[in-house]
Amino acid sequence: MNLLPFGKLPAHRARTFVPSTADLGDWPQTAPLFDQLEARAARCQTAAELERWLFDWSELSAALDEEASRRYIAMTCHTDSAEAEKAYLHFVENIDPQLKPRQFALEKIYVAHPFREQLPPARFQVFDRDVKNHVELFRPENVALETEEAKLCQQYQKVTGSLTVNFRGEEKTLVQMGRYLEEPDRALRQETWELVTRRRLQEKDKLEDIFDQLIELRQRVARHAGFKNYRDYAFRRLGRFDYTPEDCTRFHDAVAREVMPAVREIQAARRHQLGLDKLHPGHLRPWDLAVDPQSRPPLKPFGAVDEMVSRTQKIFDRLDPGLAGGFRQMQDLRLLDLDNRKGKAPGGYQQTLSESRVPFIFMNAIGQQRDVETILHEAGHAFHALAANDEDLYAYRSAPIEFCEVASMSMELLGNEFLEEFYSAPQANRARRTHLEGIIGFFPWMATVDAFQHWIYTHPGHGRAERAAAWLELMDRFGGDVDWSGYETARGHLWHRQLHIFLHPFYYVEYGIAQLGALQVWANSKRDKAKALADYKQSLALGGSRPLPELFAAAGCPLRFDAATIKPLIQLAHDELKKL
Ligand SMILES: [Zn+2]
C-alpha cells in the first residue's frame with residue numbers, strides 16, 4: 001500500500017555510491033555503507049579523493065534523510081494506519097540510534113583527516129566550520145545528561161499537553177478554549193481566560209521543579225564542555241558564529257526603544273475600538289487581546305482546499321514566473337497534502353525530500369486567514385529547497401534557521417500584496433492589518449523570552465522568587481499597556497506557556513532576526529520589486545553554502561539588529577497600517 005500522497009519522484013542525480021536496490025530502512029543493509037566510507041577515508045591519497053568521499057557521504061546522508069522523511073510524511077498523513085506507524089517507529093527506534101554514532105564517527109574521521117586542510121577553502125569553509133564545531137563540543141560524559149534532559153522535557157510536555165478544564169459541564173482542552181478568547185462577549189472571554197489561567201497555575205510548582213532540574217543539568221553540560229555558563233555553550237552549540245549575546249542584548253534594547261511605541265499605539269487603538277476607553281478604569285485586560293476589535297466575524301478566504309491552491313497559484317503567477325513554476329511543479333508531482341481530514345496529524349510543516357531534492361508541504365486547512373498565511377509561509381520554505389537543489393553537498397542544501405525563516409516570512413509579506421485573489425479590497429486590507437500588527441507585536445514577546453533566558457543562565461543559583469521578579473521586570477518593559485491587576489501570580493509565571501524555554505533553550509531570537517530580514521526584503525520590494533525578488537531568489541539558491549551574513553547580504557538585508565536597522569522597518573509597517 002502506498003501511503004504517500006505523491007508517486008515515484010524523478011531522481012535529481014543518479015546514485016553513484018549507494019546501491020539503487022538498498023533498503024535504507026534495514027540496518028544490516030545500511031551499516032556496510034558506513035563501513036565502506038570509514039575504510040575508504042583512510043585510503044584517500046589526495047584532496048580530490050577526500051572531496052569525492054565527502055560527496056559519497058552526502059549521497060548516503062541524503063538518501064537516509066529521505067527515507068526518514070517519507071516515513072514521517074506517511075505517518076502524519078495517516079495517523080490511523082498501523083502500517084505507517086510501524087514503519088515510522090521502526091526508523092526512529094532501530095535505525096536512528098545506530099545512525100547517529102556512525103555519522104559522528106565519520107565527522108571525527110573528517111576533522112582528523114590529513115587532506116582536510118587542502119580542500120578548496122572557499123568551497124568547504126562553512127561545512128568544515130560546522131563539522132569541527134560539532135566534534136569539538138562533544139563530551140562522552142554529556143550523553144547521559146542529555147538523555148536525562150530529554151526525559152525532563154518530555155515531562156513538561158506531558159504536564160502541559162494533558163491539561164483540560166470543565167467549561168459549562170464539558171471537558172475541554174486548553175487549545176479548544178483558545179477560540180473563546182475571540183468571542184465578542186467580554187464577560188465570556190474573562191470567564192474562559194480565568195478558567196484556563198487557574199488551571200495552568202495548578203501545575204506551577206511541578207513546572208518550576210522541572211525547570212530547576214533542567215537548569216542544573218544544562219549548567220553541568222556546559223561546564224563539561226569547558227564553558228563558564230550555559231548561555232555561552234548554547235551559542236556555540238547552535239552554531240552562532242556571526243552574532244553574540246551582546247548583539248542580542250542590543251536587539252532587546254532596540255525593540256524597547258523602537259517597537260514599543262508602535263505596540264502601545266496599536267493597543268490604544270484596540271482599547272478605543274473595543275469601547276473600553278468609555279469605561280472606568282477602562283484598560284485593556286489580558287482577555288481583550290485576541291478578539292477582533294470591531295467584533296467582525298472571521299474572514300473566509302476560500303471554501304475547498306483546491307480553491308486555496310489555485311488562488312495561491314495566482315498570487316505566485318503575479319509575483320514571479322520562476323516561483324510560480326515551482327509551485328505548479330509541486331502540484332504536478334502531488335507534493336501538497338493540505339486539507340484537514342480525519343486521520344491526519346495536526347499542524348503544518350514543509351519537509352524536503354533530500355535525495356529527490358523536492359519539497360513537500362503538509363497542512364490542515366479549514367478555510368481561515370491563518371491558512372493563507374501558512375501556505376505562503378511554507379511555500380517560501382519550499383522555494384528555498386527548490387532553489388538550492390543543484391547543490392551536491394547535502395549539508396549545503398539547507399540554510400541555518402535564521403535565514404530559512406527569511407525565505408518563508410518574506411513570502412508572507414510579498415504574497416500579501418496580492419491578497420485580493422482571496423478577498424474584496426477591504427477584507428484584504430483587514431488581513432494585511434492583522435498580519436502587520438502580528439509582526440510588530442511579536443518583537444516584544446521575542447525580546448522577553450530571549451532576555452529572560454539570558455538572565456536565567458547567567459544567574460546561577462538563583463531562587464524561584466528572583467526568577468519571577470526577573471520575568472516581571474521584562475513584562476514591565478515589553479508588555480505594553482495591559483492591566484494585570486488581580487492576576488499578579490499568573491503574570492509572573494506566564495513563561496511556563498512558552499515551550500521553547502523548557503525544550504529548546506535560546507532557540508527563539510532566530511525568529512526575530514529572520515523577521516527583520518523579511519521586513520527588509522519587503523521594504524526593498526517597495527523600492528524596486530524586480531531587484532528585490534532577484535536578490536531574494538539568488539540568496540535562496542545559496543542554500544547553506546555561505547556564512548549567515550553573506551546569505552543575508554545576498555538577499556539585500558544586512559544581518560544587523562540594532563536600533564538603526566529596526567527604526568525604518570517599524571516606521572514602514574506603521575505607515576502601511578495607517579494606509580490600510
Ligand atoms: Zn517556518
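Order of listing sets the numbers, starting from 1, for every ligand and every atom in it.
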Identify, by name, the N, O or S atom of His381 lying closest to the Zn ion (ligand 1). NE2

Residue of the set Arg357, Glu59, Glu355 for which side chain to side chain contact (heavy atoms under 4.5 Å, CB included) holds with Arg13: Arg357

The Zn ion (ligand 1) contact by Glu405, N, O or S atom under 2.8 Å: yes

Got a sec: is His377 within less than 2.8 Å of the Zn ion (ligand 1) via an N/O/S atom? yes

Lys344 (side chain) donor-acceptor with Asp339 (main chain) under 3.5 angstrom: yes

Working to the nearest 0.5 Å, report the span between OG1 of Thr565 and CG of Leu519. 11.5 Å

Do the side chain of Arg397 and the main chain of Ser354 share a donor and acceptor less than 3.5 angstrom apart? yes

